[in-house]
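Computed from a predicted model, the values in this text were never measured in an experiment. Proteins come first, then strands; the chains are lettered A, B, ... in the order of their sequence lines, and each starts at number 1.
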Amino acid sequence: MICCKECIDLLYDYIEGSLEQETSKSLEEHFEECPPCIAFLNTYKSTTTICRDTLNQIEIPDEVRRTLQSFLKEHKNQEEKK
Amino acid sequence: MSFTQQKEDKEIEEALVRDLQAGNLDAYDKIAELYQKKIYALSFNLMRNQMDAQDVTQEVLLTLFRKINTFQSKSAFSSWVYRITLNASYMKLRSKKKEPNVSIDELLPSFNGAGFQQEKIQDWSENTESLLFTNETHEVINKAVGLLPEKEKVVFLLRDVEGLSTEKVSGILDLTIPAVKSRLHRARLFLRKKLSGYFEEYNSKKGET
Ligand SMILES: [Zn+2]
């Protein structure tokens with residue numbers, strides 16, 4: 001049986017689905033006998049999801065948007081004069 | 001993203017680049033409309049400061065317009081935009097006082113001699129829902145990402161947050177695919193550990209009441 005360390009080293013490729021069938025099988029055998037590694041797998045996956053959902057909520061604040069707009073307008077005017 | 005969507009995006013990009021290179025000023029607005037949010041979000045996530053992110057966004061937009069003739073169409077336009085954004089953000093960060101680096105290794109999982117997990121692992125993955133939309137949780141997550149060392153942070157932001165492919169990230173950062181994978185894995189392990197402390201504490205509090 002593979003150990004926890006090997007199991008965690010393989011998690012990335014396991015989630016991507018890029019492991020050889022045999023390796024994938026021995027990993028799943030490990031999970032069956034090791035609840036901590038299942039907990040690890042679940043929280044590893046959750047980490048990506050919750051970080052992505054949180055960081056993707058960033059919107060450009062209105063005052064920044066306005067600044068960018070006038071900045072672009074000014075720059076365009078300069079270019080047009082050339 | 002579907003294949004046709006990708007293809008359409010690519011065509012829109014190519015047309016915009018041609019317009020810009022031809023000096024068509026209307027293309028400025030379109031480029032800004034398409035990319036300013038991505039530029040702002042990436043630079044904000046790297047620097048965590050609104051003013052700095054605004055400065056970088058302005059600077060990047062200007063660079064896009066001024067340097068458009070140096071853009072080589074053999075790589076994707078968006079990759080070029082990300083690269084310019086990263087460079088501008090790093091320049092900005094370097095001009096500021098540096099915070100002490102956290103060692104990522106201390107937060108990686110630990111094993112006993114036989115390779116088995118040493119710490120108790122709690123599964124908090126089912127219990128994040130009610131916490132996810134609180135300001136406190138946002139702060140914890142933002143802080144955790146902020147603590148990532150730069151090398152790991154940028155891979156995490158591009159791959160897991162932006163959702164770019166491993167290949168694209170490897171092109172933008174000029175890293176091999178295995179290097180991208182290993183940095184991303186380390187970033188996830190680091191963040192998992194950081195977030196575990198927070199969610200486990202919440203779960204144990206909930207258990208008491
Ligand atoms: Zn295990």
Review point. Can you check whether Leu11(A) reaches Arg188(B) side chain to side chain, under 4.5 Å on heavy atoms?
Key: no
**Study point:** Residue pair Ile50(A) / Phe199(B), side-chain heavy-atom distance below 4.5 Å
**Key:** yes
Practice item. Output the option from Gly115(B), Ser182(B), Gly163(B) having the highest count of non-hydrogen pairs under 4.5 Å with chain A. Key: Gly115(B)
Review point. If you count heavy-atom pairs under 4.5 Å with chain B, which of Asp53(A), Thr47(A), Asp13(A) comes out on top?
Key: Thr47(A)
Review point. In Å and rounded to the nearest 0.5 Å, what is the SG to CD distance from Cys34(A) to Gln117(B)?
Key: 6.0 Å
Practice item. Give a yes or no on this: more than 12 heavy atoms of other residues, nucleotides or ligands lie within 6.0 Å of atom CG of Asn69(B). Key: yes
**Study point:** Side chain / backbone / both / neither for Arg186(B) at chain A, heavy atoms under 4.5 Å
**Key:** neither
Review point. Distance-only, no hydrogens or angles: does the Asp123(B) side chain make a donor-acceptor pair with backbone N or O of Ile38(A) under 3.5 Å?
Key: no
Point to revise | Heavy-atom contact with chain A under 4.5 Å, split by part of Ala114(B) | key: backbone
Check your understanding: Under a 4.5 Å cut-off applied to non-hydrogen side-chain atoms, are Cys51(A) and Leu191(B) in contact?
Key -> yes
Exercise for review: Check whether more than 12 heavy atoms from other residues, nucleotides or ligands sit under 6.0 Å from atom NZ of Lys92(B), and answer yes or no.
Suggested key: yes
**Study point:** Stepwise salt bridge (Lys or Arg N to Asp or Glu O under 4.0 Å) test for Arg159(B) and Glu16(A)
**Key:** CA-CA 13 Å; Arg159(B) 178 73 174 76; Glu16(A) 299 268 293; 3.0 Å; yes
**Study point:** 4.5 Å side-chain heavy-atom contact, Pro109(B) and Phe40(A)
**Key:** yes
**Study point:** Criterion side-chain hydrogen bond (donor to acceptor under 3.5 Å, both in side chains) on Gln54(B) and Glu63(A), from CA distance to verdict
**Key:** CA-CA 10 Å; Gln54(B) 175 180 306; Glu63(A) 69 252 40; over 6 Å; no
Check your understanding: Any side-chain heavy-atom pair from Asn42(A) and Trp124(B) closer than 4.5 angstrom?
Key -> no
Revision key, fill the gap. Between the OG1 atom in Thr43(A) and the CD1 atom in Ile121(B), the distance rounded to the nearest 0.5 Å is 7.0 Å
Point to revise | Shortest non-hydrogen separation from Gln50(B) to Val64(A) and the atoms involved | key: NE2-CG2, 3.4 Å
Exercise for review: Sort Leu25(B) into side chain, backbone, both or neither according to what part of it lies under 4.5 angstrom from a heavy atom of chain A.
Suggested key: both
Check your understanding: Quick one: are Pro36(A) and Lys120(B) in side-chain contact, heavy atoms under 4.5 Å?
Key -> no
Exercise for review: First locate atom CG of Leu55(A), then atom CZ of Phe44(B), and finally report the distance between them rounded to the nearest 0.5 Å.
Suggested key: 9.5 Å
Check your understanding: Has Glu167(B) got more than 12 heavy atoms of other residues, nucleotides or ligands less than 6.0 Å from its CD?
Key -> yes
Review point. Picking from Gln69(A), Lys73(A), Glu59(A), Arg65(A), which has the most non-hydrogen pairs under 4.5 angstrom with chain B?
Key: Glu59(A)
Point to revise | Interatomic distance, Lys76(A) atom NZ to Tyr28(B) atom OH [nearest 0.5 angstrom] | key: 9.5 Å
Exercise for review: Give, as side chain, backbone, both or neither, the part of Cys7(A) having an atom under 4.5 angstrom from any heavy atom of chain B.
Suggested key: neither
Review point. Which pair of heavy atoms, one from His138(B) and one from Thr54(A), lies closest together, and at what distance?
Key: CD2-CG2, 3.6 Å
**Study point:** Which portion of Tyr40(B) sits near chain A, non-hydrogen atoms under 4.5 angstrom
**Key:** side chain
Point to revise | Atom pair CD (Gln36(B)) and CG (Leu68(A)), whose distance is rounded to the nearest 0.5 Å | key: 5.0 Å
Review point. At what distance, to the nearest 0.5 angstrom, does SG of Cys4(A) lie from CD of Gln118(B)?
Key: 10.5 Å
Practice item. Run the numbers on Gln58(B) and Leu72(A) for side-chain contact (heavy atoms from CB on, under 4.5 Å), then give the verdict. Key: CA-CA 8 Å; Gln58(B) 286 190 350; Leu72(A) 275 179; over 6 Å; no
Check your understanding: Under 6.0 Å from the CD atom of Glu28(A), do we count more than 12 heavy atoms belonging to anything else shown?
Key -> yes
Check your understanding: When you measure from the side chain of His185(B) to the backbone N and O of Leu10(A), does any donor-acceptor pair fall under 3.5 Å?
Key -> no
